[in-house]
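Please read the structure below before turning to the comments.
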Amino acid sequence: MELSVGDRVLGTVRPDAKGEFALSLPVVPETYSGTYTVTAKAGDRTASDKVVVSSHLVPLANQLDSSTLSLVGVDSEETAGEQAGGANAIDGDPATFWHTQWQGGSPAYPHWITIDLGAEYEVTGFAYTQRAGQANGRMKDYEVYVGDSPDEFGDAVQTGSFLDIGREQVFEFDTPARGRYLKLVGTSSINGNAFGGAAEIAVGAVTPTADTTRPTVSLVSPTAAGPFQALQIEMDAADAGGLKRIVANIYKGSTLVKSTQTQVGGATTGHHAATVKLPDGDYTIRYNAQDLAGNISATRTFAVTVDATAPTATVKDGAQFTVGADGVYDRVSFKLHDAGKIDKVTLNGVTKDLSNNTWSDVNGIKPGTFGAVKGENTLVVFDVAGNTSTTTFTLS
Ligand SMILES: [Ca+2]
Ligand SMILES: [Ca+2]
Ligand SMILES: [Ca+2]
């Protein structure tokens, strides 16, 4: 049975009595990344399967020309004993190298180099080449950072280890990292000494694509027109390119009476919450979200009514309604009023629901009618917004 990987024939093997054969395929360091087809062929019958090889032996994608890179700084460099300054790591010449100080001192790890890419990019990866011909200065474990400031970086974009080989070692990022500055930190050396450096560092990066997509925004609260004692505004927004702010403005007619907003600061999702107290009346909430690129979502509106005024309860005159006076009655009736409509009353905690009208009546209260008792009684009137007024009276 003939075995091959891709077009390359490995040789012929003889399966055991059951027709089986086990094989480990060594992957030599020079193997390129890719998916390879392993084929077993016996006569005119073939079987194949795929193996994936992941190595650093691929060209760096989106490589920036070294002339666009400039050195921000290194933690240490040797410029007296030899010309091994940090700039040698980004001069495009693998024959020149950056080496940390060795004459008159040898600072310990970690060693770092920060590179200015010249503009903000989506950094897709980097490549590192060990100095040639000499083990000193070859870094092993690394951390790489990308950010908008040369002095402050967030979490490492990637960590890993360099091999002790002469060729360029390429590392692509799982997710591109946005920023103008790249910092490579070596945390250990190949041969265990204090020296770090690089013959060459290359950066793969693409110009960020312009964000022309508007954010999305939704009004989570309110979900009904009210009336409300106060407006509880809540909004969710999202933008893949990052949100700047979420805004809810409140208008009475065409007049802006209140503006609320949350600065999101670049997150891809955001939430805005505000509690707004306003005089009674009808209002319109106009709301939207803006992204970092200046795109603004469609502005939507939502009409609401504010009612912060308590209802009134007035004793009705006339013997058919009320017998008694000044808070002491045999029988009492109330006329209820609220511009935002009466919802219900409770009498000593017993609820009587009323159809939601501006005017309403509760007639003929005497001991025994929905919660009324002999002695002191408490009537609470609720409007639809939830405002209340309380009246106490005595039934004899
Ligand atoms: Ca160089
Ligand atoms: Ca956008
Ligand atoms: Ca009211």
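First listed ligand is number 1; within each ligand, the first listed atom is number 1. Worth saying up front: this structure is predicted, and the values here are computed from it rather than measured.
Under 3.0 Å from the Ca ion (ligand 1) lies an N/O/S atom of Ala199, whether from backbone or side chain. For the Ca ion (ligand 3), the N/O/S atoms of Asp280 include none lying under 3.0 Å. Within the coordination shell of the Ca ion (ligand 1), defined by N, O or S atoms under 3.0 Å, Thr129 is absent. At a cut-off of 3.0 Å, Asn387 is not counted among the residues with an N, O or S atom near the Ca ion (ligand 3). Look at Thr213 and the Ca ion (ligand 2): an N/O/S atom of the residue is under 3.0 Å from the metal.
Rounding to the nearest 10°, we obtain 80° for the angle at the Ca ion (ligand 1) between Asp91 OD1 and Glu200 OE1. Between Asp239 atom OD2 and Asp211 atom OD1, the angle centred on the Ca ion (ligand 2) amounts to 170° (nearest 10°). One finds an angle of 80° at the Ca ion (ligand 1) between O on Asp93 and OG1 on Thr96, to the nearest 10 degrees. Rounding to the nearest 10°, we obtain 90° for the angle at the Ca ion (ligand 3) between Thr309 O and Asp307 OD1.
Within 6.0 Å of CZ in Arg178 there are more than 12 heavy atoms belonging to other residues, nucleotides or ligands.
Note: Phe302 and Tyr287 fail the aromatic proximity criterion, with ring centroids not under 6.0 Å apart.
Taking the charged nitrogens against the carboxylate oxygens, Arg180 and Glu120 have no contact shorter than 4.0 Å, which rules out a salt bridge. Remark: Asp361 engages Lys316 in a salt bridge, criterion side-chain N to carboxylate O under 4.0 Å.
Between His337 and Trp359, the two ring planes are tilted [angle within 30° to 60°]. Between His99 and Phe195, the two ring planes are tilted [angle within 30° to 60°].
No side-chain donor-acceptor contact under 3.5 Å links Gln130 and Arg138. Gln103 and Gln101 are not linked by any side-chain donor-acceptor pair at a separation below 3.5 angstrom, with hydrogens and angles left out of the test.
Shortest distance from the Ca ion (ligand 3) to Asp383 is reached at OD2 (N/O/S atoms only). Residue-level check: among N/O/S atoms of Asp291, OD2 sits closest to the Ca ion (ligand 2).
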